[in-house]
Asks: 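Here it is, the structure in full.
Order of appearance sets the numbers: ligands from 1, and atoms from 1 within every ligand.
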Amino acid sequence: MYADRINALPPYLFAAIDESKARMVAKGVDVIDLGIGDPDRPTPTHIVEAMCEAVRDPATHRYPSYAGMLEFRKAAASWCKETKNINIDPVSQTLALIGSKEGIAHVPLAFINPGDVVLCPDPAYPVYKIGTQFAGGEPFIMPLLEENSFLPDLDAIPTDMLARTKMMFINYPNNPTSATADRSFYKEVVEFAKENNIIVVHDNAYSEMVYDGYKAPSFLSVDGAMDVGIELYSLSKTYNMTGWRIAFAVGNEHLIKGLGKVKSNIDSGVFDAVQRAGIAALTSSQQCVNDMNRIYEQRRDVLLKGLKGIGLDVKPPKATFYMWVRVPDGYDSMGFSKLLLEKAGIVATPGVGFGQYGEGYIRFALTQSTDRIKEAVYRMEKLRL
Ligand SMILES: *Cc1c(COP(=O)(O)O)cnc(C)c1O
């Protein structure tokens, strides 16, 4: 009944976890969900207020423009200048997206022909690979290994693959490993992309979720990056706006144009009222972002201390709201997440759900209050691993 592209989708590895979670909840267990990467706190009030005002204005009720309102694109470009010190033209180098997931899924349709290779990290957000496959492309896995600080080893990609490679996805600060990349890595990527004629798509969804004074650089801040790539920024994680569906792409104008061509034939843009709320988010004081980061930092420190206390080897992440933790000896990632759920009522995501190189790890999301995280730590202590 389904098309081949649907039948070819990988099995949904979280189904077993979802099922057991539902069973535990039905039994009345107080489950602590550290599984999902979705901010638990509400969208800041000034953004909600901007939306309320905008939605009452009939001017927002009609079809939006495909590329996004010029004011939204200007706000996005100014935000890029302020936070990342990159110069972006709001007209030719900026495109509004219905969430960055939408951009990731659609960008291969603009550039990938059947048989073209796309370099995809593993473990990773699954959409890079699936978007590639939907476009008829062939994903080639770049393993993200702990010994390489979870950066891909570009020298390890075989030459015959490179000849067929048209695009690569990268994502730092990284989901699920919480690894960060510095500008020297981006320089290496630009050189590699120029040498091999590869389009770079950098997913920067966690650009502002940073701790201990760390600042996540823009890929586009490196010389030559604008020739080879685009960068996707999302308001979802930065402003607790996952449900609103708003993000933007910036970068090389031909690439932006190509993605725009796909989108104008598939969707009709972001609701103007949501774009106005987005403008409020991007142009107002960024104090709300700092405040959220303080909260995540505090949660991180509580979980870090707890995990160390039960003998797990963890380092404090500098960015993202994830902790990527090696499972104890004697477990695989599925087995350990099962144990946490069944014996402690804690949901954490098995690393293998992000790809084969996620095996041996588990991901905790800091999306519960400090008190709930303390409770989770207390329950883990009682497991006596
Ligand atoms: C959450 C997430 C996204 C999706 O963000 P939206 O803008 O809400 O679509 C994209 N990439 C990564 C790595 C994410 O974790």
Asks: Does a side-chain N-to-carboxylate-O contact under 4.0 Å join Glu253 and Lys257?
Replies: no

Asks: Is it the side chain, the backbone, both or neither of Phe248 that has a heavy atom closer than 4.0 Å to ligand 1?
Replies: neither

Asks: Measure from the side-chain N and O atoms of Asp182 to the backbone N and O of Phe185, and report whether any donor-acceptor pair falls under 3.5 Å.
Replies: yes

Asks: Starting from atom 8 (O) of ligand 1, find the nearest protein heavy-atom neighbour and note its residue, name and distance.
Replies: Ser236 OG, 2.6 Å

Asks: Look at the aromatic rings of Tyr172 and His202 and report parallel, tilted or perpendicular, splitting at 30° and 60°.
Replies: parallel

Asks: Among all protein heavy atoms, pick out the one at the shortest distance from atom 14 (C) of ligand 1; state its residue, atom name and that distance to 0.1 Å.
Replies: Lys237 NZ, 3.2 Å

Asks: Check whether any N or O atom of Tyr322, backbone or side chain, sits under 3.5 Å from an N or O atom of ligand 1, and answer yes or no.
Replies: no

Asks: Please determine whether a side-chain nitrogen of the Lys or Arg among Arg183 and Asp223 lies less than 4.0 Å from a carboxylate oxygen of the Asp or Glu.
Replies: no

Asks: Donor-acceptor check, side chain of Arg300 to backbone of Pro317, threshold 3.5 angstrom: yes or no?
Replies: yes

Asks: Could you tell me which atoms of ligand 1, counted from 1 in the order shown, lie closer than 4.0 angstrom to a heavy atom of Tyr128?
Replies: 13 (C)

Asks: Does Asn171 come within less than 4.0 Å of ligand 1, judged by its heavy atoms?
Replies: yes

Asks: Can you tell whether the side chains of Glu297 and Arg294 come within less than 4.0 Å, N to carboxylate O?
Replies: yes

Asks: Yes or no: does Tyr172 have any heavy atom under 4.0 Å from an atom of ligand 1?
Replies: no

Asks: Checking a contact table here: which protein heavy atom is nearest atom 13 (C) of ligand 1, and how many Å away?
Replies: Asp203 OD2, 3.3 Å

Asks: Looking only at distances, can you tell me whether any N or O atom of Tyr206, backbone or side chain, sits closer than 3.5 Å to an N or O atom of ligand 1?
Replies: yes

Asks: Look at the rings of Trp324 and Phe150 and say which category their plane angle falls in: under 30° parallel, 30 to 60° tilted, over 60° perpendicular.
Replies: perpendicular

Asks: Give the residue, atom name and distance (to 0.1 Å) of the protein heavy atom nearest atom 4 (C) of ligand 1.
Replies: Tyr125 OH, 3.4 Å

Asks: Does only the side chain of Arg245 get under 4.0 Å from ligand 1, or the backbone, or both, or neither? Count heavy atoms.
Replies: side chain

Asks: Mind jotting down which residue pairs meet the side-chain hydrogen bond (donor to acceptor under 3.5 Å, both in side chains) criterion with at least one end in residues 336-357? Sequence neighbours excluded, please.
Replies: none

Asks: Are Arg245 and Glu102 ion-paired here, with the side-chain N under 4.0 Å from a carboxylate O?
Replies: no

Asks: Considering only protein heavy atoms, which is closest to atom 5 (O) of ligand 1, and at what distance to one decimal place?
Replies: Ser100 OG, 3.1 Å

Asks: Just which atoms of ligand 1 are under 4.0 Å from any heavy atom in Ser234?
Replies: 5 (O), 6 (P), 7 (O)

